[in-house]
Amino acid sequence: MEKTAIKGGEFLIRDTDAQDIFIPEEWNEEQQMIAQTCKDFIETEVFPHLDELDSQKNPDLMPSLLDKAGELGLLGTSVPESLGGFGMSFNTTMLVSEATGRGYSFAVAISAHTGIGTLPILYYGNEEQKQKYVTKLATGEWKAAYCLTEPDAGSDANSGKTKAVLSEDGKHYLITGQKMWITNGGFADVFIVFAKIDDDKKLSAFIIEKSFGGITMNEEEKKMGIKGSSTRQIFFNDCKVPVENLLSERENGFKIAVNILNVGRIKLGAGSLGGAKESITEAVKYANERKQFGKSLNEFGAIKHKIAEMTLKVYASIGAHYRAGQNIDDAYDKFVADGMEPGPARLKSLEEFAIECAILKVHGSEVLDYVVDEAVQIGGGMGYSADGPFDRGYRDSRINRIFEGTNEINRMLTIDMLLKKAMKGQLDIMGPAQAVAQELVSVPSFGDDGDEALFAKEKKVLKNLKKAGLMVAGAAVQKLMQKLGDEQEILMNLADMLSEGYVAESVLLRVEKLVSMRGEDACQVEIDMARVFLHHAVDVAVASGKEAIFAFAEGDELRLMLMGLKRFTKIEPMNLKDARRRIADYVIEKNEYPF
Ligand SMILES: Cc1cc2nc3c(=O)[nH]c(=O)nc-3n(C[C@H](O)[C@H](O)[C@H](O)COP(=O)(O)OP(=O)(O)OC[C@H]3O[C@@H](n4cnc5c(N)ncnc54)[C@H](O)[C@@H]3O)c2cc1C
């Protein structure tokens, strides 16, 4: 655990010691075995059936794959042993998400079942509900779906119209309404359904068994990708739900929905990166085999550039996920040590790092989109062929930026949550932001202090990047006050600065720790990746920072802030092309994503 545990969002104003973070190179033997089991399962049970799954001709196929995953224990990783699961750490369950994330539609089905389908009951159910449902969900005997979205209530989830009315004898709620885009809808036995009781303003949550009756559904949705995943519109018509199936308390549904999505978000990021690794492997294999102009594709600089960029983005992003995952586990351990029950402790630890969860959902899903797009490009015509190895990944990737909160909503949430923490006094952002504003009008100290330690210079760049973020955010808050919420373009800019900075810091810390474990000579490629990624983060800070400053500042203030931005985004030039070639050559030699 970190010396004084870091708080959620605090990375912006606090340095972290490399030794205090978890890095993926530290997975123990058991965790590696779990990941291998998942990978083997995907390879032997899922990959041979991908076309059949996508054809949707056999509706029993996906549930039967989930049954097999259940037999292997893959559905119970988050569930405590007392409820028939394995009670693994949060980070280990993220590793499972990453390893199953290679499974295309199957990845969506398993993550909906184990995540948004099971966790509401696990975290918010009473003992009876947990015994009745979670035990069956952990083994796969029953399958779950999560019904929040409605035709007119998507991002604005609390505006749903589904109604719950108490029956005259007071024993049942009668639920009526329409839910849309429900993953696993076609075969689920249990539905977590969000509805408003009477004229309540806020949602309540219910556990509904298919056998309760009053449930009908449309045919499977025709989708751009993840075609093998069941997605249905579901109609509840006076569906009779016993009162004891209200989950948690009346009007607590929106909170449940949001908190469960926090868990889903960071896992979605990890799963996306599992898919991205698969895609890189396919692309590198293809580049190694295909010849044009008498040469392998892998000899062309333009292709090397792609392979390096794909790899280093995944490497940086996945490290950030497990850094945050460990922070969540550490916070959980502390809450439990302080006497909190495991369920609430898990939720509180996730809530604490909700900013990082939102950042990483966006980052992981956008890295995946970048990777699958470049994989298609490396494939050329074969990249575009439905018979080649790339098209499914390309089509299946796109959904990740839409569900579990669209990436726009998550970007806004990132800044909103940060500012709320600041306003509640949980995070002192305005103090450091004011200090940066002061620094702007002081004379800059130039020159090098001669520190030759690995990443000494890069860490200064990172420190300055944080200052750039604080400068722009602080000035935007001061200038626009309450109106900042309406200036979404600026919120997007701030979120991008923040997230790229977080991931850049994570990759520097990961590699620094790795070097301390293996020595510098053994980590040359990783050092290159960290340095190139830092350059990206600087580029994003320059572009997004400028956009934001132009949007709210003018005259002297504008000029001063632009000077500040220039000062805080200085980075020593390096030959990025050569660094990328070294990275690409390493990956090309390994003929797969090698980290
Ligand atoms: C394949 C698939 C599976 C799904 N599975 C499930 C499931 O299992 N359970 C479930 O409950 N839901 C599920 N969903 C629904 C999904 O979560 C929603 O589609 C998503 O939240 C977006 O809602 P929407 O489609 O209504 O889009 P809208 O909310 O209409 O958004 C459209 C666009 O407008 C933007 N936008 C919306 N509001 C704002 C705002 N305030 N400011 C700025 N921009 C905004 C969005 O970012 C987006 O770009 C699934 C969807 C799909 C496609």
Side-chain angles (χ1 to χ4, degrees), residues 53-54 56 62 66 104-120 143-162 177-188 190-195 203 205-206 208 217-236 253-254 256-265 267-268 271-272 358 361-362 365-366 369 395-416 484-495:
L53 275 173
D54 278 1
Q56 290 207 331
M62 186 64 89
L66 287 171
Y104 301 94
S105 295
F106 176 78
V108 177
I110 190 172
S111 79
H113 171 79
T114 55
I116 54 181
T118 301
L119 298 183
K143 319 283 183 302
Y146 172 93
C147 307
L148 176 64
T149 307
E150 299 184 9
D152 292 324
S155 299
D156 185 9
N158 200 37
S159 67
K161 294 194 184 75
T162 299
Q178 181 182 355
K179 295 290 175 178
M180 193 155 177
W181 305 119
I182 305 307
T183 301
N184 294 350
F187 56 79
V190 179
F191 301 88
I192 306 299
V193 179
F194 296 87
L203 295 168
F206 299 87
I208 298 189
M217 49 187 83
N218 279 357
E219 291 299 301
E220 289 291 338
E221 297 288 347
K222 292 189 171 53
K223 306 187 293 286
M224 176 192 291
I226 54 161
K227 289 173 188 280
S229 152
S230 168
T231 317
R232 299 277 192 141
Q233 244 185 86
I234 303 187
F235 302 88
F236 296 90
F254 190 60
I256 297 176
V258 168
N259 281 340
I260 294 302
L261 289 176
N262 277 341
V263 191
R265 279 174 189 149
K267 286 195 178 174
L268 181 147
S272 295
K361 189 268 175 183
V362 173
S365 62
E366 295 187 1
D369 259 5
R395 286 184 286 101
D396 286 5
S397 160
R398 192 61 182 81
I399 184 59
N400 291 295
R401 282 162 58 195
I402 295 171
F403 58 19
E404 307 262 349
T406 67
N407 283 14
E408 292 73 31
I409 295 290
N410 272 295
R411 279 185 163 88
M412 287 188 285
L413 272 175
T414 298
I415 303 302
D416 185 55
L484 181 57
D486 297 328
E487 302 294 322
Q488 292 187 346
E489 298 89 332
I490 298 174
L491 296 178
M492 303 283 138
N493 294 146
L494 293 175

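As the structure lists them, so they are numbered: ligands from 1, and atoms in each ligand from 1. Predicted model only: the values in this text are computed from it and were never measured.
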Enquirer: I'd like the name of whichever of Asp152, Ile402, Ile226, Val108 reaches closest to atom 20 (C) of ligand 1 through any heavy atom.
Expert: Ile402
Enquirer: Check Gly115 against Pro120 and note the closest heavy-atom contact, atom names and distance.
Expert: O-CD, 3.8 Å
Enquirer: Considering only protein heavy atoms, which is closest to atom 24 (P) of ligand 1, and at what distance to one decimal place?
Expert: Gly154 CA, 3.9 Å
Enquirer: Between Ala145 and Ile182, what is the shortest heavy-atom contact and its length?
Expert: CB-CG2, 3.8 Å
Enquirer: Only heavy atoms of Met412, strictly under 4.0 Å: list the atoms of ligand 1 that pass.
Expert: 40 (C), 42 (N), 43 (C)
Enquirer: Number the atoms of ligand 1 from 1 as they appear, then name those within less than 4.0 Å of a heavy atom of Tyr146, with their elements.
Expert: 7 (C), 8 (O), 9 (N), 10 (C), 11 (O)
Enquirer: Can you check whether Ser229's main-chain N or O pairs, donor with acceptor, with Lys223's side chain at less than 3.5 Å?
Expert: yes
Enquirer: Looking only at heavy atoms, what is the nearest atom pair of Asp54 and Ser105, with distance?
Expert: OD1-OG, 3.5 Å
Enquirer: Can you check whether a protein heavy atom sits less than 4.0 angstrom from atom 30 (O) of ligand 1?
Expert: no
Enquirer: Can you list the ligand 1 atoms lying under 4.0 Å from a non-hydrogen atom of Thr406?
Expert: 22 (C), 46 (C), 47 (O)
Enquirer: What do we get for Asp156 next to ligand 1 when only non-hydrogen atoms under 4.0 Å count, side chain, backbone, both or neither?
Expert: neither
Enquirer: Can you check atom 10 (C) of ligand 1: any protein non-hydrogen atom closer than 4.0 Å?
Expert: yes
Enquirer: Under 3.5 Å, is there a donor-acceptor pair between the side chain of Glu150 and the main chain of Lys161?
Expert: yes
Enquirer: Give the contacting part of Gln488 toward ligand 1: side chain, backbone, both or neither, where contact means a heavy-atom distance below 4.0 Å.
Expert: side chain
Enquirer: Would you confirm whether any non-hydrogen atom of the protein falls under 4.0 Å from atom 51 (C) of ligand 1?
Expert: yes
Enquirer: Of the protein's non-hydrogen atoms, which lies at the shortest distance from atom 49 (O) of ligand 1, and what is that distance?
Expert: Glu408 OE1, 3.4 Å
Enquirer: Which protein non-hydrogen atom lies closest to atom 36 (N) of ligand 1, naming both residue and atom, and how far is it?
Expert: Ser155 OG, 4.4 Å
Enquirer: To the nearest 0.1 Å, how far is atom 39 (C) of ligand 1 from its closest protein heavy atom, and which atom is that?
Expert: Ile409 CD1, 3.9 Å
Enquirer: Just to confirm my output: which protein heavy-atom neighbour is closest to atom 15 (C) of ligand 1, and how far is it?
Expert: Thr149 OG1, 3.2 Å
Enquirer: Taking all non-hydrogen atoms of both residues into account, name the closest pair between Ser230 and Gly185 and its distance.
Expert: OG-N, 3.7 Å
Enquirer: Whether the side chain of Lys227 engages the backbone of Lys222 through a donor-acceptor N/O pair (distance < 3.5 Å, no angle test) should be reported.
Expert: no
Enquirer: Might you point out which heavy atoms bring Asn184 and Ala144 nearest each other, and give the distance in Å?
Expert: ND2-O, 3.3 Å
Enquirer: Give the residue and atom name of whichever protein heavy atom lies nearest to atom 25 (O) of ligand 1, and the separation in Å to one decimal.
Expert: Trp181 NE1, 4.3 Å
Enquirer: Nearest protein heavy atom to atom 2 (C) of ligand 1, by residue and atom, and its distance?
Expert: Ile399 CD1, 3.7 Å
Enquirer: Would you kindly specify which portion of Glu221 sits under 4.0 Å from ligand 1, judged on non-hydrogen atoms: side chain, backbone, both or neither?
Expert: neither
Enquirer: Which pairs of donor and acceptor atoms, one on a side chain in residues 256-265, lie under 3.5 Å apart (sequence neighbours left out)?
Expert:
unit_1	atom_1	unit_2	atom_2	d
Asn259	ND2	Tyr124	OH	2.8
Arg265	NE	Glu404	O	3.0
Arg265	NE	Asn410	OD1	3.1

Enquirer: What do the steps show when you test Arg232 against Glu221 for salt bridge (charged side-chain N to carboxylate O under 4.0 Å, His left out), and what is the final call?
Expert: CA-CA 6 Å; Arg232 299 277 192 141; Glu221 297 288 347; over 6 Å; no
Enquirer: Please say which of Phe206, Phe236, Tyr146, Phe254 ends up in a ring-ring contact (aromatic ring centres under 6.0 Å, His included) with Phe194.
Expert: Tyr146
Enquirer: Check this for me - ligand 1, Ile182, N or O atoms closer than 3.5 angstrom, yes or no?
Expert: no
Enquirer: Looking at atom 34 (O) of ligand 1, would you say a protein heavy atom lies below 4.0 Å from it?
Expert: no
Enquirer: Ligand 1 and Thr231, any nitrogen or oxygen pair closer than 3.5 angstrom?
Expert: no
Enquirer: Would you say the side-chain atoms of Gln233 pair up with the backbone N or O of Gln178, donor to acceptor, closer than 3.5 Å?
Expert: no
Enquirer: Is Asp396 reaching over with its side chain to a backbone N or O of Gly225, donor-acceptor style, under 3.5 angstrom?
Expert: no
Enquirer: Within ligand 1, which atoms have a heavy atom of Lys223 less than 4.0 Å away?
Expert: 1 (C)
Enquirer: So which heavy atom in the protein is nearest atom 8 (O) of ligand 1, and how far is it from that ligand atom?
Expert: Thr183 N, 3.0 Å
